[in-house]
2 protein chains.
Amino acid sequence: MMIYLDGSATSYPKPASVSASASDAIRNFGFNSGRGGYQASLRAAEKIYSVREKIGAMFGISPQNVAFTKNCTEALNIAIRGSARKGCHIIISSLEHNSVFRTVHRLSEQGIADYDIAAFDYNNDSCIKNFEALINRRTSMIVCTAASNVFGAVFPIAQIGALAKRRGIRFIVDAAQTAGVMPINSKKDNIDILCCAGHKSLMGLMGTGFIALADGETVNPFMFGGTGSSSLSPQMPDFMPDMLEAGTLNNIGIISLGAGIDYINTKGMNNIYSHELSLCANVYSALEANKNCILYTPAPVYGQTAPIVSFNFRDYSSEKTASLLSKRGIAVRAGYHCAPLAHKHFKTLDTGTVRISPTAFTTKKECEFLLNTLKKLK
Amino acid sequence: MMIYLDGSATSYPKPASVSASASDAIRNFGFNSGRGGYQASLRAAEKIYSVREKIGAMFGISPQNVAFTKNCTEALNIAIRGSARKGCHIIISSLEHNSVFRTVHRLSEQGIADYDIAAFDYNNDSCIKNFEALINRRTSMIVCTAASNVFGAVFPIAQIGALAKRRGIRFIVDAAQTAGVMPINSKKDNIDILCCAGHKSLMGLMGTGFIALADGETVNPFMFGGTGSSSLSPQMPDFMPDMLEAGTLNNIGIISLGAGIDYINTKGMNNIYSHELSLCANVYSALEANKNCILYTPAPVYGQTAPIVSFNFRDYSSEKTASLLSKRGIAVRAGYHCAPLAHKHFKTLDTGTVRISPTAFTTKKECEFLLNTLKKLK
């Protein structure tokens, strides 16, 4: 038996209803949605639309403004590259994943945009001021993760969004680490473009993600191809979601994501979050009491921390610790977690970190096994 | 019961082994491949690699040069946009899908490239000459579909590839409509970049595709993000497949694609092709004998036609015919099939066409039902 503590990478196991929906989708909805002139194709399109509605309801977005992507990375590439104009200035946070960092860095290499990095601060006012101080006349977008995928630190998204709105700056949020566990809402949080993975806490299969535009927002298309609409035009359609959905969709994954959202709604998002955060709080306390463990963040706080704890063991490399734990059946991720900026911020660039991120199905007992293993580890 | 004749859109049903592999993958390989420091993550990476090997073996590509995409459209966008240099000239065929047409058109709108369209010809020599006549000093790539997704017409890919090689021009092939039914090989066919869907005749789930580079070829990265490699660098890795695989892969889909390829290898690609083509030949003959049906191509010929037949019924719009067939349980696609160029070429821009494309599982009886239905249709 494996003790799975890599939920921030992808949720595992999937709820039984999600696996079942995938099998059902293979049998009943594996048709090119809306392109074919037959009932099964139309039914597939309706089913896909129902998932847009579920996402719309969860995040405060109009269903037709939800476009499906293969992962959060694609969504962020569309959002950032599709918003960039020659000469624009971009602000990102100091905890961004490479899906944001490498994307804006590329824009700067191409001479399209330049960017600055706003330092995260656990004090909300300071954090917001750090963003505000970097705004200049050319600043056209702020890109910020809702929570660090390495340290669980949560940004005051609504307030950064309010700042962006006040200054007429587009606000793009990477919700990969909070969607499905912590509430996030385009309207309440002043988000112009929400980017998200479907296979993490939203419980869908891998191969899923989405970009969701607030009403009135638009981006340039990123990929060009068939949409089953305006087919005689050499250009992509100018309406959502078609303008961002070229080629055949991942019906099976998308439908599984719908089942994942249903699962969360039935279980209660807050119940899932409370469960995961309380596991993290226990883990944090025990690691704090273990003199061989090094922690980098304050203790998890309800509403201010995503269910993630990063640590290191003795002077071991994070990879060595993860490997020792793996031999004992414990699955954690080590290294940089594709987020060098976050490691620079928390001063863990030399070692990386061992990351513990429970899922909705992780038990207290499993976490205790981890903690006991770490007590005995040499 | 539905009679499914929309195989060119996606294969349906999937072989039982493909559906089973998807369920198995959800349970046993739903981990972030190669990123986590634990056994299950490594096993997932090995499993994914085994699919690169299967694809490599089928298409004459080194396994590490196979990068997975969400569909063929993404693969073509990577190939074309990643090959374009300011001021370059591109030649595409007159039967290209919008995944190629809209992509090169966008490059021309951006002032990056200009393009010309080489007319398909059923005479191979004429066809090749049509490409050759358009080559100029700036021509840096030829992009050609292996077969039309609307009319099944097959290009002399190996010879166009030889021409491109002789002239030092990159040759990019869209194999979406032939892969899995007709042999195509990067080496034998002189293909520099092969782009393909995974969910059509290769039998994988929707949400799959790949781009495969011949040895020594490279493209610019298209999407930027985490790769689990060179994580401290602000740039994408410069090696395959990482440089083209940002973010979490669709493990489930990819593994299903591996099962699809196994299925084809067991069944014999040529057996599948012969089956589908003989169904098409029967359908073509019967439509030819039906005075209400209009055909646009010569009769299907072994090795020269992909298993696709396009037609129209009386003066009906293709959509009307498809709708009438749908009411009788027959699933066909009508309209432009995202390929306006092909309709321009075959002079069907006014009506579109009704497309019949059987799958490996389509029976003679099902085709007869279609033909009898058409006989009685008013």
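Lettering of chains follows the sequences in order, A, B, ..., and the numbering in each one begins at 1. Because the structure is a prediction, the values reported are computed rather than measured.
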Is B:V332 close to A:Y38 at the side-chain level, that is, under 4.5 Å between some pair of heavy atoms? no

So which heavy atom on B:G226 is nearest to which on A:C338, and how close? CA-SG, 3.6 Å

Measure distances from A:M236 to the heavy atoms of chain B and classify the residue's part below 4.5 Å as side chain, backbone, both or neither. both

Check each atom of A:N98 against the heavy atoms of chain B and say whether the ones under 4.5 Å are side chain, backbone, both or neither. both

Non-hydrogen side-chain atoms of A:R27 and B:K14 separated by less than 4.5 Å: no

Against chain A, label B:A22 side chain, backbone, both or neither, depending on which of its atoms sit under 4.5 Å from a heavy atom there. side chain

So which part of A:H199 gets closer than 4.5 Å to some heavy atom of chain B, the side chain, the backbone, both or neither? side chain

Honestly, the part of A:E319 sitting under 4.5 Å from a heavy atom of chain B is neither

Does any non-hydrogen side-chain atom of A:L232 lie less than 4.5 Å from one of B:Y336? yes

For A:F31 together with B:Y4, are the ring centres under 6.0 Å from each other? yes

Go through the atoms of B:R355 and report whether side chain, backbone, both or neither lie under 4.5 Å from a heavy atom of chain A. neither

For A:S41 and B:R333, which I'm curious about, is there any donor-acceptor pair between the side chains at under 3.5 Å? no

Portion of A:S230 that has a non-hydrogen atom of chain B nearer than 4.5 angstrom: both

I'd like to know if the side chain of A:R102 reaches the main chain of B:F224, judged simply by a donor and an acceptor atom lying under 3.5 Å from each other, with no hydrogens or angles considered. no

Report yes if the side chains of A:Q39 and B:M2 come closer than 4.5 Å at any heavy-atom pair, otherwise no. no

Given a strict heavy-atom distance threshold of 4.5 Å, which part of A:P13 is in contact with chain B: side chain, backbone, both, or neither? neither

Looking only at B:P234, B:S326, B:G209, most heavy-atom pairs under 4.5 Å shared with chain A are made by B:P234

Between B:Y12 and A:F29, ring centroids under 6.0 Å: no

Heavy-atom proximity to chain A below 4.5 Å, by part of B:N71: side chain

Part of A:L205 within contact of chain B (heavy atom distance under 4.5 Å): side chain

Counting heavy-atom pairs under 4.5 Å to chain A, which of B:T227, B:T69, B:L325, B:T208 comes out on top? B:T227

Does any part of the side chain of A:R81, heavy atoms only, come nearer than 4.5 Å to the side chain of B:M223, both counted from C-beta? no

Between A:S231 and B:P340, which heavy-atom pair has the shortest distance, and what is it? O-CG, 3.2 Å

Distance (rounded to the nearest 0.5 Å) between A:R106 CZ and B:N220 CG: 5.0 Å

Report yes if the side chains of A:Q235 and B:H105 come closer than 4.5 Å at any heavy-atom pair, otherwise no. yes

Among B:T10, B:T248, B:I252, B:N251, which residue has the highest count of heavy-atom pairs closer than 4.5 Å to chain A? B:T248

Heavy-atom pairs under 4.5 Å with chain A - which of B:S19, B:S233, B:A40, B:G228 has more of them than the others? B:S233

Under 4.5 Å from any heavy atom of chain B - which part of A:A331: both

Under 4.5 Å from any heavy atom of chain B, what part of A:S229 do you find: side chain, backbone, both or neither? backbone

Say whether, by atom type as modelled, one donor and one acceptor occur between the side chain of B:N77 and the main chain of A:A246 under 3.5 angstrom. no

